[in-house]
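Just below is one structure, and these are the notes that go with it.
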Amino acid sequence: MDKQNLWQLVLSDLELQVSKVVYQTLLAHTTLESISDSQATIGCHRPLLVNLIEKRYYQLIKKTLDDYTQKNMSLVFTTKTSPSKNPIDGPLFTIKLTPDSSVIGVNIKLDKDYTFANFAVSSSNQMAYAAATAVSKNPGTSYNPLFLYGGVGVGKTHLMQAIGHYVLGVNPKCKIIFCTGEEFTNEIIEAISTKTTTQFKKKYRQADMLLIDDVQFIAGKYAIQEEFFHTFNAIYQTKKQVVLTSDRPPEEINKLEERLKSRFEGGLTIDIGLPDFELRTAILLIKAKQRRFDLSIEHAKLLAANVDNIRKLEGLFIRVISESQTKEVPVDAELIKNILGRTVKDIPGKKRVSETEVLNAVTSYYNLKLSQLKGTRRDRFLSLPRQVLYYLLRVELGVSLLQIGEFLGGRDHTTVLHGVRKISGLLSADDKIREDIVGIKTVLFG
Ligand code: ADP
Ligand code: MG
């Protein structure tokens, strides 16, 4: 097999093992530059990514490559020599992972944690996420403006900044303006009073991308809307991307000029719904991980079951950590219930689900055939879903290892045990697995 074909195989396998965003932005553009019996050199399309990919995906890439070569390779990562097919398609949101953060903050301040990688996707925000990633990859062409709206804490600011991170990752020199409707307003007022409106105009009209958060703030302020209208047009006409967020859709923003409304509606308007229990749990786990706090899934669920609002949930979680530290007690259900005070709702009950239903759900989630999952072929794209299946049967349904082995046609219980352990281990480290498990559980338990 030549090295290109081999790498194609490895890549299609990796694609099944990481989240779509990670695959597309980090791995899809790598190449196999050279390979010997013991060493493979992998080309990354951007120098910035060399360290990142090596740090995060060395083991995964090595294992996958070893599977195909049946050798024990060591990997070397370099900047690739062959040109990339499509440089725009490149990465990069994970600015916080680059040791030298000089790339950010060239022209804007973004929260380093508000990246796509840290954004959990579920039915309530899936459309908004898809649109935000599309806009990041092809700014100014796909949906312009992108208008995201929704209630407090649903992730509007997070998604908007994720677009900024991504675009700056591709092109650190990109002139992005990120501000709130309120800051925009204050800046105009300031410019008028100091007679510096020319500079103001110049700054905004030269932007490559304009991100305005909580744009509803400018409603009713006519001079501001006037200026905004011209700014918007100038940017829009040069095919630069505009992204806006608001707490309500354009048509419901009172005192917003008609011509602005129709401009906003001329792009893509998407609402983000309230996060459901599963999504709140996932978000909380992400927040805990960022704080390097080892929050168990059960405790995350207990908190998420009792608080609907993400901001409150985060606040409460911080309180849990700090009380556990000051009182020198462990974080457990008792401490959490104490802090929640009032009557604590239990974690939503689960429907009775049968082994066969779990089997079917896993099969269709990973797009496999039943025979593949039940079979014994040990290809990687099968072994992971199989391990997920073991895990769900054991942990969610409480089926014993022996029974699981029997259910799957006489598999050894140590194999099952190994799988369950593997997935439990991955759950705290691997977003993709967590996403998969949450996805499958949503299908099963609603
Ligand atoms: P909004 O701007 O809609 O009021 P934010 O973007 O400020 O909401 O989100 C509030 C908090 O919740 C932030 O800490 C954000 O990171 C977090 N958050 C909201 N949605 C998600 C999500 N889907 N995944 C991860 N974190 C989220
Ligand atoms: Mg916000």
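All ligand and atom numbering here is 1-based and tracks the order in the structure.
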Below the 3.5 angstrom mark, is there an N/O of [X], backbone or side chain, next to an N/O of ligand 1?
X: Gly155; value: yes
X: Gly153; value: yes
X: Phe119; value: no

Is it true that [Y] and [X] share a donor-acceptor pair across their side chains at a distance under 3.5 Å?
X: Ser124; Y: Ser122; result: no
X: Asp111; Y: Gln161; result: no
X: Arg263; Y: Asn233; result: yes
X: Thr180; Y: Asp214; result: no
X: Tyr204; Y: Glu187; result: yes

Report the nearest protein non-hydrogen atom to [atom]: residue, atom name, distance rounded to 0.1 Å.
atom: atom 7 (O) of ligand 1; result: Arg311 NH2, 3.2 Å
atom: atom 14 (O) of ligand 1; result: Glu314 OE1, 2.6 Å
atom: atom 25 (C) of ligand 1; result: Asn118 O, 3.2 Å
atom: atom 12 (O) of ligand 1; result: Ile310 CG2, 2.9 Å

| Option from Phe200, Phe232, Phe178 for which ring pair (Phe, Tyr, Trp, His ring centres under 6.0 Å) with Phe184 holds | Phe200
| task | Specify side chain, backbone, both or neither for Val154, according to which of its non-hydrogen atoms lie closer than 4.0 Å to ligand 1. | result |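 For Val154, backbone and side-chain atoms both sit under 4.0 Å from ligand 1.
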Does this structure show an ion pair linking [X] with [Y], if we count only N-O contacts that are shorter than 4.0 Å?
X: Glu298; Y: Lys301; answer: yes
X: Lys175; Y: Asp208; answer: no
X: Glu396; Y: Lys441; answer: yes

| task | Pick, from Val121, Thr157, Ile283, the option with the minimum heavy-atom distance to atom 26 (N) of ligand 1. | result | Ile283
| Taking atom 15 (C) of ligand 1 as the point of reference, which of Gln290, His158, Gln161 owns the nearest heavy atom? | His158
| Which atoms of ligand 1 sit under 4.0 Å from any heavy atom of Gly151? |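 Counting from 1, the qualifying ligand atoms are 3 (O).
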| said: Under 4.0 Å from a heavy atom of Ala120: which atoms of ligand 1 are those, numbered in the order shown and with their elements? | reply: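 Ligand 1 atoms under the 4.0 Å threshold to Ala120: 22 (C), 23 (N), 24 (N), 25 (C).
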| task | Not counting sequence neighbours, which residues clear side chain to side chain contact (heavy atoms under 4.5 Å, CB included) with Thr326? List them please. | result |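 So Thr326 forms no side chain to side chain contact (heavy atoms under 4.5 Å, CB included) with any residue.
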| Partner residues of Ser193 under the side chain to side chain contact (heavy atoms under 4.5 Å, CB included) criterion, sequence neighbours left out |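 So Ser193 forms no side chain to side chain contact (heavy atoms under 4.5 Å, CB included) with any residue.
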| field | Pair listing, side-chain hydrogen bond (donor to acceptor under 3.5 Å, both in side chains) test, anchored in residues 431-440, at least two apart | value |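 Qualifying pairs: Lys289-Asp431, Tyr365-Asp436, Tyr366-Asp436, Asp431-Arg434, Lys432-Asp436.
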| What protein N/O/S atoms lie closer than 2.8 Å to the Mg ion (ligand 2)? | Thr157 OG1
